[in-house]
Amino acid sequence: MNNREYTIALAGNPNTGKSTLFNVLTGLRQHTGNWPGKTVVHAEGFFTYKDEQYRIIDLPGTYSLYSNSVDEEVARDFIIFAKPDVTLVVLDATALERNLNLALQVLEMTDRVIVCLNLMDEAKKKGIVIDIAKLSKKLGVPVVPLAARNKEGIEELLETIVRMVHGEIKTKPIVVSYSRAIEEKITKLLPLVKEIVGEEYPARWVALRLLDGDTSLLHALQHQPHHLLKGVPNYACHCSAKSI
Amino acid sequence: MTQAKLERLCDAQPGERFRITKINIEGTMKRRLLDLGFVPGCEVTVLQKSPLGDPTAYRVSHTTIALRKEESSNIYGERIGNE
Amino acid sequence: MRATVPPNPFDELMDYAKSLSDGDTREQIVSAIFQTSRDICKETITYTKREKLHETEKLDRIFTSKIWGFPIMLAMLAVVIYITIAGANVPSSLLAEFFGWFEGYITLAFEKMHAPEWLHGILVLGLYRGTTWVVSVMLPPMAIFFPIFALLENYGYLPRVAFNMDRLFKKSGAHGKQSLTMAMGFGCNAAAIMSTRIIESPRERMLAILTNNFVPCNGRWPTLILLASLFMAAGYTGGWKTLMTASVVVAMVVFGIVVTLTVSWVLSKTALRGMPTHYTLELPPYRRPKIWDTIVRSTLDKSIYVLKRAVTVAAPAGVLTWVLANIHIGDTTVLAHVAHLLDPFARQLGLDGYILMAFILGLPANEIVLPILLMGYLSTGALTEVDGLHSLKQIFLDHGWTWLTALNMMLFSLLHYPCGTTLINIYKETKSKKWTFVAFALPTGIAIAVTFTTAHIAQWLGLI
């Protein structure tokens with residue numbers, strides 16, 4: 001009885017099976033190769049689950065969200081300005097250390113995050129055992145193990161998405177603690193950020209970006225791209241997709 | 001200064017482990033390297049050189065990243081023995 | 001709400017933040033994040049099979065080794081092409097026979113209905129033949145080549161190619177990722193133009209765009225394979241013939257790579273001057289692809305693609321060619337007129353007027369060059385039915401072909417302007433008429449120069 005369409009963003013490092021997951025969720029059958037950066041057109045797809053509509057956006061695969069490149073800015077702006085109902089962070093379970101880097105960055109930006117541990121089949125083959133419950137507790141958000149190309153874990157993921165969009169999951173994202181010098185500066189900046197930028201953006205994260213000298217973010221905040229707000233992102237290609 | 005004792009990553013040989021102390025690169029490239037795990041304090045293992053001698057593949061936080069000499073000669077640190 | 005806040009506070013905030021920050025803030029931030037990651041991993045991950053962890057590295061020691069790196073790359077290319085040629089022969093001729101057999105019935109039906117001659121001409125000799133030729137010549141090799149290529153791609157071999165070749169691209173002033181976009185070109189240059197987006201520096205991206213065409217796309221593979229097997233491997237039989245054909249095609253691909261590197265080098269010293277930008281390349285772990293899934297999907301995808309192209313491009317081209325070949329001005333057809341006009345110039349390139357005209361009419365898609373050429377030849381009065389590769393060769397021989405003609409046509413096909421779709425994509429991506437024109441003119445100039453040189457050297461040496 002709910003006509004609202006939920007928006008899901010897919011973020012992740014290149015080559016973590018993000019496109020595969022996108023294809024599985026939307027029922028698209030696009031070819032996905034194994035080389036970094038092969039997704040050059042950002043795709044948007046739709047699916048229905050339990051009578052509810054979802055729009056899913058495959059953000060460019062990036063190593064971070066620190067506006068080093070156009071791709072990273074696109075991904076960052078979408079999470080900050082379009083405020084997706086859920087952001088799925090797809091991680092390669094076989095290289096978790098590097099991949100978590102991005103997850104921690106996303107967790108500074110939003111609390112509506114589900115961490116997808118993809119390539120669990122590969123991890124298993126390599127004898128990498130991950131304590132999912134503990135990881136989830138540490139990160140403060142749900143963690144779902146997946147093997148997207150074998151369609152394993154998809155059901156659990158969809159269930160988790162449903163519960164999250166209905167507000168049934170309380171998340172408490174981990175807060176990365178920085179060096180004392182940086183923490184002091186953050187404390188100084190926080191009140192100003194809240195006053196000038198507004199409460200609708202993650203203040204701690206904004207303060208960090210400012211300390212980092214990220215002018216592009218401030219510019220974006222100042223000339224807030226209204227078209228991004230729940231609207232259609234200006235992506236190069238729109239793929240249609242069927243429901244699963 | 002301790003600087004004098006530092007060695008360049010490009011001089012480390014395949015099989016050797018290397019701890020990064022300093023990255024002498026500016027701008028986007030430095031940020032990219034940081035994102036990939038070339039962070040001061042981190043350990044890198046030299047895997048092997050490309051058939052033509054450059055670039056070289058490194059193992060850094062459980063991933064394999066290839067760097068050209070232009071970059072690896074500006075990453076300083078110390079060799080900490082073989083694998 | 002926002003409008004009431006003057007823009008000044010933002011600048012002040014930025015200035016204040018700037019005054020607080022020092023040079024290595026980013027380093028400290030990333031270090032802290034990595035430290036957190038490491039701590040989390042330490043507590044949540046256990047490694048039970050240490051020996052399995054570095055399997056990819058062990059494989060890389062072979063695939064990218066000093067001794068074996070390049071031979072393996074070449075061997076992979078050769079094996080893929082060999083399998084393609086060996087496997088495509090039989091289904092190709094079966095398809096051709098089937099279409100020929102079916103054409104007989106269609107013609108009968110037309111006669112039964114007392115359909116006018118011209119209608120039969122347009123629909124059967126033009127549309128039907130054009131489409132079915134493309135299908136029978138294109139479909140089998142493509143349905144074999146691409147699944148194998150997709151397996152290699154999904155396995156994770158392509159980044160190793162980029163790793164091996166990086167130095168060559170650096171030396172020629174191009175971006176190391178250009179080898180990835182080139183690999184995409186094997187499938188389709190138009191798609192590869194889009195994939196150059198992975199190269200961020202505009203200068204190097206332009207190099208990748210301008211030279212992508214020197215990689216034969218799926219519209220040109222069959223032309224190369226067919227001509228190589230008809231003319232270059234003529235003296236051989238059985239497995240040797242396939243091997244010889246494969247070697248010639250591999251040589252063509254390697255030549256295309258050499259041209260790519262040379263052109264990139266010249267451009268980066270002249271019109272697109274600059275230093276290669278720094279970059280990092282990740283070598284992802286090898287992953288065993290889902291073999292059947294990949295094969296089935298890729299075969300289906302490619303088949304649908306080829307069939308679509310056959311209908312959308314080859315069908316109209318077939319009709320157009322037939323019309324041009326049947327409208328008379330004076331006592332010769334329009335087609336013959338044009339071919340005659342082009343002939344003197346084409347001869348200088350070791351080609352003939354019909355071949356050049358086929359390339360010109362084939363601008364929309366490389367797939368249709370060969371069918372147009374055959375239709376052109378057939379319209380000159382030879383009534384031969386094309387029912388197999390042998391009669392194909394006879395048609396060429398009847399029109400004065402030698403191995404040199406075949407070689408020059410292969411070279412011209414490899415090097416000439418990109419197809420219409422690719423040009424449109426280049427315009428979309430570069431937003432520049434000038435560079436789109438360069439993307440057209442540069443390869444064409446090179447194609448003309450190379451074929452001219454080959455033709456004249458061969459004549460001068462008395463090889464022909």
Side-chain angles (χ1 to χ4, degrees), chain A residues 14-15 29 31-38 40-41 64 66 69-70 94-101 104-105 119 122 125-132 134-135 138-139 149-150 174 176-179 181-182 185 188-189 192-193 195-198 207-208 210-213 215 218 221-222 224, chain C residues 1-2 5 7 9-10 12-14 16-18 20-22 25-26 28-34 36-38 40-41 43-50 52-53 55 150 153-159 162 177 180 184 194-198 200 281-282 284-287 289-290 293 297-298 301:
Chain A
N15 230 48
R29 312 202 111 230
H31 175 73
T32 47
N34 180 9
W35 48 283
K38 71 188 159 25
V40 285
V41 257
S64 83
Y66 292 148
S69 68
V70 182
T94 66
L96 203 52
E97 194 179 297
R98 212 269 311 281
N99 276 250
L100 265 180
N101 193 7
L104 292 173
Q105 290 181 34
L119 297 162
E122 290 288 322
K125 251 189 255 166
K126 290 185 177 174
I128 302 174
V129 182
I130 302 171
D131 185 340
I132 306 282
K134 199 167 185 184
L135 182 61
K138 286 256 161 215
L139 294 175
R149 53 185 198 155
N150 301 332
I174 183 176
V176 176
S177 48
Y178 295 96
S179 64
I182 289 188
K185 289 171 191 167
K188 279 187 195 158
L189 274 174
L192 280 165
V193 170
E195 186 195 320
I196 295 168
V197 180
L208 270 166
L210 290 178
L211 283 174
D212 195 17
T215 39
L218 206 74
L221 284 168
Q222 207 168 345
Q224 204 192 107
Chain C
M1 250 272 293
R2 195 137 310 283
V5 181
F10 281 89
E12 275 169 31
L13 182 59
M14 190 74 229
Y16 180 51
K18 221 179 252 168
L20 286 177
S21 128
D22 46 33
T25 308
R26 169 67 67 92
Q28 290 179 40
I29 292 176
V30 180
S31 293
I33 288 198
F34 258 96
T36 314
S37 285
R38 267 201 303 268
I40 295 175
C41 287
E43 288 185 52
T44 52
I45 303 182
T46 31
Y47 297 97
T48 56
K49 301 179 196 161
R50 288 262 163 208
K52 283 261 181 189
L53 279 181
E55 260 179 1
E153 189 194 342
N154 290 6
Y155 184 56
Y157 184 65
L158 294 191
K177 284 186 189 162
L180 291 173
M184 290 301 101
M194 312 278 283
S195 79
T196 59
R197 289 182 188 180
I198 60 171
E200 280 186 17
L281 175 72
E282 175 164 13
Y286 293 106
R287 290 180 195 141
K290 303 197 72 182
D293 216 53
R297 179 180 297 189
S298 158
D301 279 359

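Below, chain A is the first sequence line, B the second, and so on; all start at residue 1. These values consider heavy atoms only, across backbone and side chains, with no hydrogens, waters or symmetry-generated copies.
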Self-check item: Inter-residue atom distance Thr44(C).OG1 - Asp131(A).CG, 0.5 Å rounding
Solution: 7.0 Å
Practice problem: Please answer whether the main-chain N or O of Ile40(C) pairs with a side-chain N or O of Lys138(A) as donor and acceptor at a distance below 3.5 Å. | Solution: no
Quiz item: Checking side-chain contact (heavy atoms from CB on, under 4.5 Å) for the pair Tyr66(A)/Val30(C): CA distance, chi angles, key distance, verdict?
Solution: CA-CA 10 Å; Tyr66(A) 292 148; Val30(C) 180; 3.9 Å; yes
Quiz item: What residue, out of Glu55(C), Lys18(C), Arg50(C), Arg38(C), has the most heavy-atom pairs lying under 4.5 Å from chain A?
Solution: Arg38(C)
Quiz item: Would you call Glu282(C)-Arg98(A) a salt bridge at under 4.0 Å N-O?
Solution: yes
Exercise. Look at Ile130(A), Ile132(A), Ile128(A) and state which one has the largest set of heavy-atom pairs under 4.5 Å with chain C.
Key: Ile128(A)
Self-check item: Proximal component of Glu43(C), with respect to chain A [non-hydrogen, under 4.5 Å]
Solution: both
Quiz item: Does a donor on one side chain and an acceptor on the other come within less than 3.5 Å for Gln28(C) and Ser179(A)?
Solution: yes
Quiz item: Under a 4.5 Å heavy-atom cut-off, does chain C meet the side chain of Glu97(A), its backbone, both or neither?
Solution: both
Quiz prompt | Which portion of Asn99(A) sits near chain C, non-hydrogen atoms under 4.5 angstrom | solution = neither
Quiz item: Taking every heavy-atom pair that is under 4.5 Å apart, which of Arg26(C), Lys49(C), Met14(C) has the most such pairs with chain A?
Solution: Arg26(C)
Exercise. Heavy atoms only, distances under 4.5 angstrom: which of Leu139(A), Leu189(A), Leu208(A) has the most pairs with chain C? Name it, please.
Key: Leu189(A)
Exercise. Please list, chain by chain and in numerical order, all residues satisfying side-chain contact (heavy atoms from CB on, under 4.5 Å) with Val129(A), sequence neighbours excluded.
Key: Thr46(C), Thr48(C)
Quiz prompt | Heavy-atom pairs under 4.5 Å with chain C, option from Asp212(A), Leu192(A), Leu119(A), Leu135(A) with the top count | solution = Asp212(A)
Quiz item: So which of Val193(A), Leu100(A), Thr94(A) has the biggest tally of heavy-atom pairs under 4.5 Å with chain C?
Solution: Leu100(A)
Quiz item: What part of Ile174(A) lies closer than 4.5 angstrom to a heavy atom of chain C: side chain, backbone, both or neither?
Solution: side chain
Quiz item: How long is the span from the OG atom in Ser177(A) to the CD1 atom in Ile33(C), to the nearest 0.5 Å?
Solution: 11.0 Å
